[in-house]
Amino acid sequence: MPLLEIRDLTYTYPTGIPALRGVSFAIDAGDAVGLLGPNGAGKSTLILHLNGILPSEGRVRVHGEPITKANLVQVRRSVGLVFQNPDDQLFMPTVFDDVAFGPLNLGLGETEVRERVARALEAVGMAGLEDRPPYHLSTGQKKRVALATVLVLDAEILVLDEPTSGLDPRGRREFMNLLKELPCAKLVATHDLALAAELCTRVVILDEGMVVAQGPAEEILCDTALLEAHGLSGR
Amino acid sequence: MTRPPSRPSLVRDMDVRAKLVCMFTYVLCVVLLPTGAWARFGALAVLLGCTGAAARVPASFVLSRLGLLLPVIVLATASAWLSPVLGPSDAVWVPGIERMLSGHALARYGSVLAGAALSLACVASVLYTSGFESLVWGLGRLGVPRVLVALVFLSVRYLDVLTDEARRMVRARDSRGRPPRVAARARVAGAMVGSLFIRSTERAERVGHAMSARGYTGDLPLVRRSSLAAAHVAWATAFCAISVAVTWM
């Protein structure tokens with residue numbers, strides 16, 4: 001049974017514009033899947049369905065179970081979202097409070113929360129910055145703390161929206177190395193082909209709300225005609 | 001907004017809930033003082049000054065925050081200046097400006113200013129000794145409605161982000177040249193405010209998504225900031241009792 005399964009997911013914005021049209025794919029434990037697509041393809045909208053922020057009417061399943069109100073807490077613990085802009089993700093007054101936000105919402109005790117926060121910040125190389133306000137960090141540091149806010153929940157699937165946007169080359173390299181070391185399954189929404197090639201074993205291409213191709217990364221990423229046809233290559 | 005306090009003291013390290021109760025009581029007492037009750041204003045100022053000294057709040061910190069009173073000072077001065085003199089017994093000769101002003105108006109606006117200054121000094125002292133996130137935690141624990149706590153918290157949290165965004169917009173506008181006419185400049189400023197509002201609304205939606213994704217249900221989860229000890233309760237009770245006694249003596 002796949003960890004996460006999307007079956008024929010369709011979504012239309014309240015304005016009537018279709019965002020997703022029959023999207024289907026699955027992610028298994030340990031998978032690193034690249035979700036590629038040009039701007040406006042529906043990547044971010046799809047991501048919001050994966051832990052129940054937007055309703056999926058049973059078309060998104062985690063561990064074989066459709067997302068419902070009853071299992072929402074467990075789903076959000078399993079599927080961790082890291083948003084594109086860390087200023088949206090980091091809303092608490094200190095780094096500690098931000099990383100502790102999720103575990104406290106789960107009702108965990110203070111001692112366990114402190115242990116988890118310390119572990120998560122250590123994992124992303126941000127230990128020692130607990131008392132700093134997130135808005136005074138560099139973009140690279142914010143990205144790492146944003147990652148820690150999800151790792152602290154022991155997420156089984158990490159969903160990252162444009163994880164390297166806004167990072168300088170060194171920051172990008174360090175963040176990619178950090179992502180590669182994480183053992184959990186990953187879904188990386190991006191239009192950075194180099195990132196997808198290095199990080200992902202499988203690739204799904206989304207365009208105009210539809211899956212237009214999916215398969216092994218080395219195969220899809222070498223198909224220049226396909227990439228050009230869907231706005232992923234500038235040549 | 002706050003600076004990290006340096007040296008420890010019992011009053012400074014008091015539980016934030018006790019501080020908040022003291023703050024609300026003090027501000028309430030100050031605003032309830034009748035016009036011209038200068039001795040009582042003085043007594044409450046001495047109480048605050050002594051407590052601030054015990055908590056090691058630097059006077060420079062409080063005085064710098066009193067600058068926020070400028071609009072109140074301007075309004076009170078203008079009102080006292082424009083208030084009509086009600087009769088010979090009401091007329092007060094004010095040296096320096098060489099003019100007769102209404103004694104009643106001077107007392108009324110002086111009291112407003114004194115009340116505003118003492119209230120602001122009290123709030124500034126609590127902020128200095130506690131830090132904003134502790135205050136939010138304390139407000140939540142004191143039973144302030146969670147929507148209100150979240151609103152206050154997120155407004156302050158995103159003030160810096162919003163200010164930065166406005167600054168970047170102004171810089172971008174200036175780099176493309178400013179319209180020569182005031183009306184055109186006002187139109188551009190209006191468009192910028194509108195754009196900032198829409199961006200803020202969109203950001204609010206994204207932040208809402210990020211909060212939901214990590215299990216937010218309406219309560220701001222913060223780890224315990226301080227513990228209420230018997231000494232804190234005793235201090236807070238004494239402070240509130242003195243404030244109330246001064247107000248009604």
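So you know, we letter chains A, B, ... as the sequences are listed, proteins then strands, and number each from 1.
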Could you measure the distance from the [atom1] atom of [X] to the [atom2] atom of [Y]? Nearest 0.5 Å is fine.
X      : Y      : atom1 : atom2 : value
B/R203 : A/D87  : CZ    : CG    : 6.0 Å
B/Y158 : A/D88  : OH    : CG    : 6.0 Å
A/D97  : B/F153 : CG    : CZ    : 7.0 Å

Which bit of [X] comes within less than 4.5 Å of chain B, counting heavy atoms only: side chain, backbone, both or neither?
X      : result
A/F91  : both
A/N85  : side chain
A/D161 : neither
A/R77  : neither
A/Q89  : both
A/S44  : neither

Minimal non-hydrogen separation, A/Y135 against B/R157, with atom names: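 Smallest interatomic distance, heavy atoms only, reads CD2-NH1, 3.2 Å.
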Selection from A/V73, A/V82, A/L50, A/L90 maximising heavy-atom pairs under 4.5 Å formed with chain B: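 Most heavy-atom pairs within the cutoff with chain B belong to A/L90.
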Most contacts with chain B, counted as non-hydrogen pairs under 4.5 angstrom, among A/L153, A/L81, A/D131, A/D98: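 The residue among A/L153, A/L81, A/D131, A/D98 with the greatest pair count is A/D98.
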4.5 Å side-chain heavy-atom contact, A/F96 and B/E133: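 No, too far: nothing below the 4.5 Å cut-off.
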A/F83 and B/R206, any side-chain heavy atoms less than 4.5 Å apart: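 Not in contact.
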More than 12 heavy atoms of other groups within 6.0 Å of A/E110 CD: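 It does: A/E110 CD has more than 12 such atoms within range.
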Atom CZ of B/R187: over 12 foreign heavy atoms under 6.0 Å: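 No, not enclosed.
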Side-chain (B/R214) to main-chain (A/V99) donor-acceptor, under 3.5 angstrom: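 No: the side chain of B/R214 does not pair with the backbone of A/V99.
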